[in-house]
Amino acid sequence: MSELSERYLRAKRALFDRYYRSLNEQQRAAVYHINRPLLILAGAGSGKTTVLVRRIAYMIRYGNAYHSDYVPFDMDEAHVTSLESAVSAPITDEELGALLCEFSNNPCPPWRLLAITFTNKAAGEIKARLAAVFPEDPDLVGGIWAGTFHSICMRILRRYYAEAGLREGFTIYDTDDTKKAMQAVLKDLRIDDKVLPVKSAQSYISRAKDKLIDPDGFLLEFGNDFRMKQIAKVYEAYQQRLSDSNALDFDDIICRTVRLLETHQEILQSYQSQFRYVSVDEYQDTNIAQFRLTALLSGGWRNLMVVGDDDQSIYKFRGATIANILEFDRVFDDATVIRLEQNYRSTQSILDAANAVISHNEGRKGKTLWTNRGNGSKIHVLNPEHQNAEAREILDIIQKKVATEGLRYRDFAVLYRTNAQSNALEMAFARSAVPYRMLGGVRFSDRKEIRDLVAYLQLINNHDDRDRLLRIINEPRRGLGEKTLAALQEIAVMESCSVFAVMEHADQYLALSRSAKTLMEFAGLINELTLLLDEAPLDKFVNQVLDLSGYRQMIKNLGPEEADRLDNLDEFISNVVEYMKSTDSPTLTEFLEETALVADVDRYDDTADAVVMMTIHSAKGLEFPQVFLPGFEEGLFPGMQTVIAGPEEIEEERRLAYVAITRAKDELYILHTASRTIYGRTAANPASRFLDEIPEHLLSRPAIKQRMTNTYAGYSKDGGYRTARETAAADRITVGKAQAKPAAPREILAAGDRVKHMLFGEGEVLSVQKMGTDYLYEIAFDTKGTKKLMATYAKLQKI
DNA sequence: CACGCTCTGCCTGCG
DNA sequence: GCAGAGCGTG
């Protein structure tokens, strides 16, 4: 290669490096590496999404510009010199970005890009951030195939439903629908719930689908065991039931797509030639079916990139297999591995703690997070008496810090292992002035009234939908008993037609004579509404469904204390209106599909100034300046069942602890109680082994007995513990008293007093302000300036 | 057929 | 400690 060419290429790469200078070296390497398989091991807070987004933008704008050795044949000295001087020229990033376009090498059109995520939220974020990169072309992002595994697969299945063995207008069963279907299957097969609980049957089948095992394969693999043989039968009957209803469950969406691609070469090839670049986010959460899917779709160009963090794999119970990420570079033997270990989120103390904990795991790729942010403060370890004291302690610290350190409520998060822990927290916060937001609990779409309304709409959309029909046939009560419904289904099987079809002609069957009128009326109602669907706008139509079915009246009859159910129905209709605005040609089918695939409207509103509380699982991917981790106790975290289940489960639990710790940016509080009541049983558990795994020098434990300087309302007179409810009740009564007579641990200072502080030296009290049961002092220190300190926490000595 | 009572089991949860 | 499921009775 000529010297000129080398200078050209060097200048080109220097210009790119300048353009991406806000990224670190590893991040840049990941952006430039677009051909061949790539595994990015992205530690917590290492700028993973930034890399993902900038890499896609790079493909669209510049193709393989950086690594290409292409030199234009007419390259001359003058141009190379001008490029070299541009490297340090005072130009804006925008100008630089435009300049780089001359190096574009086979840029990729958006429709050839496939970006897969797990959640709608993640997909939305990627799309939004990409849209910001291309403000001049607002339609560009829409062209990218970016979405969740499920939405991508649905897109494929909708197009090739016949080849996939589905009938037109097939629908998606969600968790509740599948549960109902499974209950019915077990009943049909006369399998007692005690022998095989619904949950357990569902789990077996779901895990089988994750591994692409169909009922025959299941029987073949496990059939020599009686119980498994039984489950294979259940599996088969369950699939038959779904197929009768022309329905898929969430697992089917993935594995039916895989099966479609594996059995139809021409379809596979068309997608393989389309998708030049495939990216998969949160790869540590993928299961075998999803692995297979990505391998198939990227099989044409073999430009597959996966990002993930084996240390943050916390969904094994949901079928994820960590082997996908651990063995990526073995399965794709020409794969490159890039580690992103620089953390932009947390202090070094927090990272050291996280590194220390996770290093106890065996099965991992190995990463060590670091930061240049500095050590920060130590990790606070607190040991309250019980869960109510724990909640109070968290509350107190938040109040103090908001009062004295200029922090806002939204800077704080409380992350716990199980939702059952939320009770004590909610009790404490609900009666304080601290605003909080609690995630989890009953999702909007899980509300009974919403489920019922959706069932009506699904039935109208697809008359074959047996489980939705059975759900609402007696909502409101139509006086159809078990016997009638059983007869109805039996006839449907005999005539091999849908339950709905039997209902339409109920008067022709002797077994139905008594309820024929009601059945035909109901079928008539559904048919009438189906006709109405084409006449009225969607929102009006939904209103009509509620009115003509009598459902709204039924809810109204429940009385004023159930008024929020009516509100929920109204909110649903406003969702319908939202949807109508978002599309040119709204259809019921599309609306139902979107609602089925959108888990919940993100109730986590990060603009509200409120303390946020949620499980560690739901906090994955989020970050907060101040994090509290209550319940670091053996038996709770790690949970009793994981301890019994074995070392692999403990490792997963340890990864969860790692996720929890790495959510914190500035300060981390780990709490473990001396005793805790959970599921109605009180137990004294030792501190979590994960806490013991953090080196002592990173921890700050308050002086012994300091916590006793606060009096907790959670203590009852005889020294025993009260329940959360008792405590709440007691506090409501004693609030006034408690505030009038604060438990002042030390003598109360007054303005003008001279005091001595351990760290700040001597100073003079400027003002005293009462804060709940405590006092806030403003003190002018002689050498350290004016500080605001809380009486209970600041160790002040009057001099 | 509907309502009320007892009994059980219960971690985490995307789409 | 609580919710949902199942069972018995009016």
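Letters A, B, ... mirror the listed sequences (proteins, then strands); counts begin at 1. The figures that follow rest on heavy atoms only: side chains count, while hydrogens, waters and symmetry mates do not.
In this structure, A/Y173 places its OH atom 22 Å from P of B/dC14, rounding to the nearest Å. Summarising the geometry, the separation between CG on A/D174 and P on B/dG15 is reported as 13 Å, rounded to the nearest angstrom. Taking atom CG on A/N423 and atom P on C/dG1, their separation rounds to 10 Å, with Å as the unit. If you measure from atom CZ of A/R155 to atom C1' of B/dG15, you get 17 Å, rounded to the nearest angstrom. If you take NZ of A/K180 and C1' of C/dG4, they are 11 Å apart, rounded to a whole angstrom. When the C1' atom of B/dC3 is taken as reference, atom CZ of A/R477 falls 10 Å away, rounded to whole Å. For A/M614 and B/dC14, the CE to P distance is 12 Å, given to the nearest whole Å. Between the P atom of B/dC14 and the CG atom of A/D285 lies a distance of 12 Å, rounded to the nearest Å.
Between A/Y416 and A/P630, the closest heavy-atom pair is CB-CG, 4.4 Å.
Among the heavy atoms of the strands lying under 4.0 Å from A/L480 are primed sugar atoms or P, OP1, OP2 only; no base atom is included.
With DNA chain B read from its 5' end, the first of the two nearest nucleotides for A/N474 and A/D251 is the one closest to A/N474.
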Between N or O atoms, less than 3.5 Å apart, protein on one side and nucleotides 5-10 of chain C on the other: list the pairs.
{"unit_1": "C/dA5", "atom_1": "OP1", "unit_2": "A/K179", "atom_2": "NZ", "d": "3.0"}

Could you go over nucleotides 10-12 of chain B and give all protein N or O partners under 3.5 Å, atom names and distances?
{"unit_1": "B/dC11", "atom_1": "OP2", "unit_2": "A/Q641", "atom_2": "NE2", "d": "2.9"}
{"unit_1": "B/dC11", "atom_1": "O2", "unit_2": "A/R417", "atom_2": "NH1", "d": "3.0"}
{"unit_1": "B/dC11", "atom_1": "O2", "unit_2": "A/R417", "atom_2": "NH2", "d": "2.3"}
{"unit_1": "B/dT12", "atom_1": "OP1", "unit_2": "A/N419", "atom_2": "N", "d": "2.5"}
{"unit_1": "B/dT12", "atom_1": "OP1", "unit_2": "A/N419", "atom_2": "ND2", "d": "3.2"}
{"unit_1": "B/dT12", "atom_1": "O4'", "unit_2": "A/R417", "atom_2": "NH1", "d": "3.1"}
{"unit_1": "B/dT12", "atom_1": "O2", "unit_2": "A/R417", "atom_2": "NH2", "d": "3.2"}
{"unit_1": "B/dT12", "atom_1": "O2", "unit_2": "A/H617", "atom_2": "NE2", "d": "3.4"}

Table of protein N/O atoms under 3.5 Å from nucleotides 5-9 of chain B N/O atoms:
none

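Judged as a ring pair (Phe, Tyr, Trp, His ring centres under 6.0 Å), and not counting sequence neighbours, the contacts of A/Y315 are A/F317, A/H617. Applying the side-chain hydrogen bond (donor to acceptor under 3.5 Å, both in side chains) criterion to A/T518, with sequence neighbours excluded, gives no partner residue. When the side-chain contact (heavy atoms from CB on, under 4.5 Å) test is applied to A/S203, the partners found at least two apart in sequence or on another chain are A/R207. Here A/K448 pairs with A/D452, A/E475 under the side-chain hydrogen bond (donor to acceptor under 3.5 Å, both in side chains) rule; sequence neighbours left out. Every salt bridge (charged side-chain N to carboxylate O under 4.0 Å, His left out) that A/D311 has, sequence neighbours left out, goes to A/R364, A/K367. With sequence neighbours excluded, no residue forms a side-chain hydrogen bond (donor to acceptor under 3.5 Å, both in side chains) with A/S243. Residues passing the side-chain contact (heavy atoms from CB on, under 4.5 Å) test with A/A413 are A/L415, A/V612, A/F624, sequence neighbours excluded. A/Q183 meets the side-chain hydrogen bond (donor to acceptor under 3.5 Å, both in side chains) test with no other residue; sequence neighbours excluded.
In the model, A/Y551 has no side-chain atom that pairs as donor or acceptor with a side-chain atom of A/E449 under 3.5 Å. Side-chain atoms of A/D249 and A/T178 form no donor-acceptor pair, as typed in the model, at a separation below 3.5 Å.
Stretches of at least 3 consecutive Watson-Crick or G-U wobble pairs, with each checked distance under 3.5 Å, appear in DNA chain B as B:1-10 with C:1-10.
Between the side chain of A/T595 and the main chain of A/L592, a donor-acceptor pair closer than 3.5 Å is present.
Salt-bridge check for A/R451 with A/D176: passed, with a basic side-chain N closer than 4.0 Å to an acidic carboxylate O.
The aromatic rings of A/F690 and A/F632 sit perpendicular to each other, their planes meeting at more than 60°, with 30° as the lower class boundary.
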